[in-house]
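Just so we're on the same page: letters track the sequence lines, and every chain starts at 1. Just so you know, these numbers use all the heavy atoms, side chains as well, and skip hydrogens, waters and symmetry mates.
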Amino acid sequence: MANATDYTTDDLMCTCISRQVKDGEVLAQGIATPLVAAGYLLAKHTHAPHVTFASAIGNVMCQKAAPLGLTHVEELWLGQALIFLDFAQIVCDLLPTLTPKEFFRPAQVDPFGQFNNVVIGDYHHPCLRLPGCGGIADVTGFSPVVYLYVPSHSRAVFVEKLDFVSGLGVPTADRPGQRPGPRLLISELGVFDYVGGRMRLHSYHRGVTVERIRQKTGFVLELDPDAHETPPPTAEEVRLLREVIDPLGIRELERMSGAQRRPRMRELVRQERDRKHREGWK
Amino acid sequence: MNKVLSLDQAVSYVRSGCTLGLGGMTLYRRPVAFVRALLRANVTDLTLLALTCGYESDLLVGARRVRRLRTCYFGLEGFGLAPMFTLRATAGEVEIVEETEASLAFGLRARLAGVGFMPSLAWLGTDLPKVRPDVKTVTDPYSGQEYTAFPALHVDVAVIHAQEADWLGNARLIGNLGLDQELAAVAEHVIVTAERVVEELCGPLELPGFPVTGVVEAPHGAWPTSCYPDYGLDGDELLDYIDACSAGEFDAYLERVLTNGSAPLSTKP
C-alpha cells in the first residue's frame, strides 16, 4: 500500500492509535476523545474488523462503525448498540475482568507514565480544577493494556513531578505493583515507550527533531538507540479518515486551543444541523 | 394508583441540605427541566451526586445552590470545561468529595446490598485515598490482599429523565443508563420526569415503578442535553452557555433559561 505524503499530525496520531489495535480486541472509549475514536474506527476499517467497542458515551457495546459526530454522537454508539449496559455493571463487573484496551489523555504526565486529571497546583488551593479522573484511578492499577496520548506536547503536560497522581504508570519504589504500566504514549511529536521504566523516545514524527521534543518535555528524555521516524499513514488510511470515518474533521478539535475551538465548534454544529435536516436525523 | 405530579410538586421533595442524585450522563438524558424548576425554588446547600456532571449541574453550581459535589467527572465533554464548576471549584467555593466511577458504583452497590462497603482494586497506589481519608482499606480474609473498601452511599432524592413513563412510574430508559437504576433503587424519594407519560407502558422496561415517588411529564425535559432518539444535543445552546459564562454573564443566562428555557427553538419541529 502506498504511503501518504499529504497527511496531518491528527491523521498520523489516529494511524498510530489504529496500529496498536489487534483484531478481536475489546476497545474502551472515554469521554471527548475523538482522536481515539477515529483511530479505533480506522483499525476497524483496515486490519481489525472484529473489534468490539465499549463506549462510555451510551454505555454500550457495539461492533458496527459509524462516522464521528459532535451533537449526534449517540447515532454512533446507541444507534449501533449490540448491548446496553449500566455503568455499575461496567465498572464493578466488566472492567476488572475484560480489561479493555484504552487510551487516556493526561493533563500532566511524569517520566514514569503516572498521570493527573484531577487538579493543577495544590489539591486544596488549586491553580485549576480539572473535570476529574473518571475511572482512571480505578483501572490503571491492574489493566495490562493502558495507553496514553497527548494532543499538545508541552512542558505543561510532561512534568518531572505531578500535582496529583490519579493514573498509575510503571511500578516505582513509591508506587510498587505488578502492572506493566503504559504500553506507549502517542503525542503530536512522537511515539514513546517505557522500556527500562522511564519514558523513552521510540519514534519521532515527520519533520520533528529530537531536540524539539527535548525542549517540549519537562524532564530528561531517554532515547531508544533505534529511534526512527514514525512510519507514515498509507494513502488508504488517510482516505478512510477523511472520507469515511471523520469527514467533518472532529478529530482536529483535540489539538486546538480554546480560542480556535469555539468558532470551529460553531461551524461543526452548523454543518451537522444542515446534514440533519438534509438526511432527516433526529 | 397514579403518581403523576406537577414539576413544582416534584421539586418540593428536594429540601435544602439534602443529597440530590441526578440521572443520565454528562450531556445525555439529564433532568434539566427539573433542575430549572429547582432553581426557581428556594433550595440551597445541596450535596449533588451524579456519575458525571454536565450542563444541568453547572447551572446549580453557578447559582451557588451546591455545597458539596460527589462525581467522577464534571465537564461538557467535547465542548470543554464546565465553566461555572471550573470557576467555583478553582476558587474553593464548592466542597469536592473526590469520587471515581468505582467509588460511586461500588458505593451504591454497597447500599443496595445492605452492607457498609464493597471491596475493590480501585484507587490502590494513587493519591485518591490521601484526599479521601474517610475511605479505608480492608484485608481479604482468604488471600490476605488489601482492597479499597468503598463506603455505602446515601441519596435522599434521585431524579431521572426518561423517554417514556407511566402513571405508576415504570419508565423506559434508552441507553446512557449511567447509574440510573442504582440511584432509583437506593434513594429515599425517586422522581421520574419523562418526555411522555402514558397510563400504562408495556415491558420490558429499564426502571420498575415501585420505588418511584412521583412522575412528571416534561416534554423536551432534557434540553439542551439529548434525549435519544427523540432529540440530539443542542450544540448551539451549549456554546451560547459557554460564551455567556466566558463573558461573565452567567446570571443573565440563568435568568433567560429560567424565564423561557422550556421552549427550545432549535429542538422544535
Side-chain angles (χ1 to χ4, degrees), chain A residues 31-32 34 56-60 70-75 77-79 81 84-88 90-92 96 118 123-142 164-168 175-177 250 253 258 261-262 265-266 268-269 272-273 276 281-282, chain B residues 25-26 28 51-52 71-75 77-82 85-86 89-90 92 96 98-106 108-109 118 120-128 130-131 174-182 206 226 228-236 239 242-243 246 266:
Chain A
I31 286 173
I57 296 171
N59 303 173
V60 295
L70 192 63
T71 54
H72 69 105
V73 64
E74 288 157 297
E75 298 286 328
W77 299 115
L78 290 178
F84 288 174
L85 300 165
D86 93 75
F87 220 90
I90 295 172
V91 172
C92 305
V118 169
Y123 182 82
H124 296 286
H125 302 93
C127 303
L128 179 66
R129 171 68 209 195
L130 300 169
C133 78
I136 291 170
D138 305 336
V139 299
T140 47
F142 60 77
F164 191 93
V165 179
S166 56
L168 292 174
R175 299 175 199 270
I250 288 162
L253 290 171
R261 263 170 85 94
R262 289 227 292 282
M265 291 194 78
R266 286 269 179 205
L268 287 168
V269 167
E272 286 197 330
R273 196 172 48 235
K276 179 168 91 175
W281 298 344
K282 288 257 171 117
Chain B
M25 279 198 65
T26 334
Y28 314 104
L51 174 59
T52 59
T71 186
C72 79
Y73 171 90
F74 202 137
E77 294 203 348
F79 290 82
L81 298 172
F85 162 73
T86 306
T90 299
I96 295 173
E98 203 68 42
E99 302 279 7
T100 66
E101 293 171 358
S103 60
L104 292 167
F106 281 107
L108 289 173
R109 278 199 171 183
M118 281 280 177
S120 165
L121 292 170
W123 290 23
L124 299 170
T126 72
D127 282 348
L128 270 296
K130 290 184 190 164
V131 298
I174 303 174
N176 284 306
L177 289 176
L179 297 173
D180 291 5
Q181 291 160 323
E182 291 76 13
E206 288 67 35
S226 78
Y228 180 89
D230 290 72
Y231 48 90
L233 271 179
D234 189 338
D236 288 308
L239 290 167
I242 295 165
D243 285 347
S246 304
S266 45

Flag the one option from [options] with the top tally of heavy-atom pairs under 4.5 Å to chain B.
options: A:C92, A:P126, A:A56, A:G135; answer: A:C92
options: A:G134, A:G141, A:G132; answer: A:G134
options: A:A32, A:P34, A:A137; answer: A:A137

Residue pair B:V131, A:F164: steps toward the side-chain contact (heavy atoms from CB on, under 4.5 Å) verdict: CA-CA 10 Å; B:V131 298; A:F164 191 93; 3.8 Å; yes
Answer with side chain, backbone, both or neither: which region of [X] has an atom nearer than 4.5 Å to a non-hydrogen atom of chain B?
X: A:L70; answer: both
X: A:L268; answer: neither
X: A:F142; answer: side chain
X: A:I250; answer: neither
X: A:V165; answer: both
X: A:R175; answer: side chain

Counting only non-hydrogen atoms closer than 4.5 Å, does [X] touch chain A with its backbone (N, CA, C, O), its side chain (CB onward), both, or neither?
X: B:E206; result: neither
X: B:E77; result: both
X: B:F106; result: both
X: B:A102; result: both

Options [options], ranked by heavy-atom pairs under 4.5 Å with chain A, top entry:
options: B:L239, B:L177, B:L81, B:D127; result: B:D127
options: B:G235, B:S246, B:G178, B:A89; result: B:G178
options: B:L108, B:T100, B:I174, B:L179; result: B:T100
options: B:S226, B:G92, B:G80, B:S120; result: B:S226
options: B:T90, B:L51, B:L233; result: B:T90
options: B:I96, B:T86, B:T71; result: B:I96

For a quick test of reading the model, state the closest non-hydrogen atom pair linking [X] to [Y] and the distance between them.
X: B:G175; Y: A:L78; result: CA-CD2, 3.5 Å
X: B:Y228; Y: A:E74; result: CB-OE2, 3.6 Å
X: B:G78; Y: A:M265; result: O-CE, 3.3 Å

Do [X] and [Y] have side chains that approach each other closer than 4.5 Å (heavy atoms only, starting at C-beta)?
X: A:I136; Y: B:E101; answer: no
X: A:Y123; Y: B:K130; answer: no
X: B:D243; Y: A:R266; answer: yes
X: B:T26; Y: A:I31; answer: yes

Any donor-acceptor pair under 3.5 Å from B:N176 side chain to A:G58 backbone: yes
Full working for salt bridge (Lys or Arg N to Asp or Glu O under 4.0 Å) between B:D234 and A:R273: CA-CA 10 Å; B:D234 189 338; A:R273 196 172 48 235; 6.0 Å; no
ring-ring contact (aromatic ring centres under 6.0 Å, His included) against B:Y28, all qualifying residues, sequence neighbours excluded: none
With sequence neighbours excluded, residues passing ring-ring contact (aromatic ring centres under 6.0 Å, His included) with A:F87: none
Once you round to the nearest 0.5 Å, how far does [atom1] of [X] lie from [atom2] of [Y]?
X: A:C133; Y: B:E99; atom1: SG; atom2: CD; result: 10.5 Å
X: B:D180; Y: A:D86; atom1: CG; atom2: CG; result: 8.5 Å
X: A:S166; Y: B:E98; atom1: OG; atom2: CD; result: 8.5 Å

From CA spacing to verdict: side-chain contact (heavy atoms from CB on, under 4.5 Å), B:F74, A:L130: CA-CA 8 Å; B:F74 202 137; A:L130 300 169; over 6 Å; no
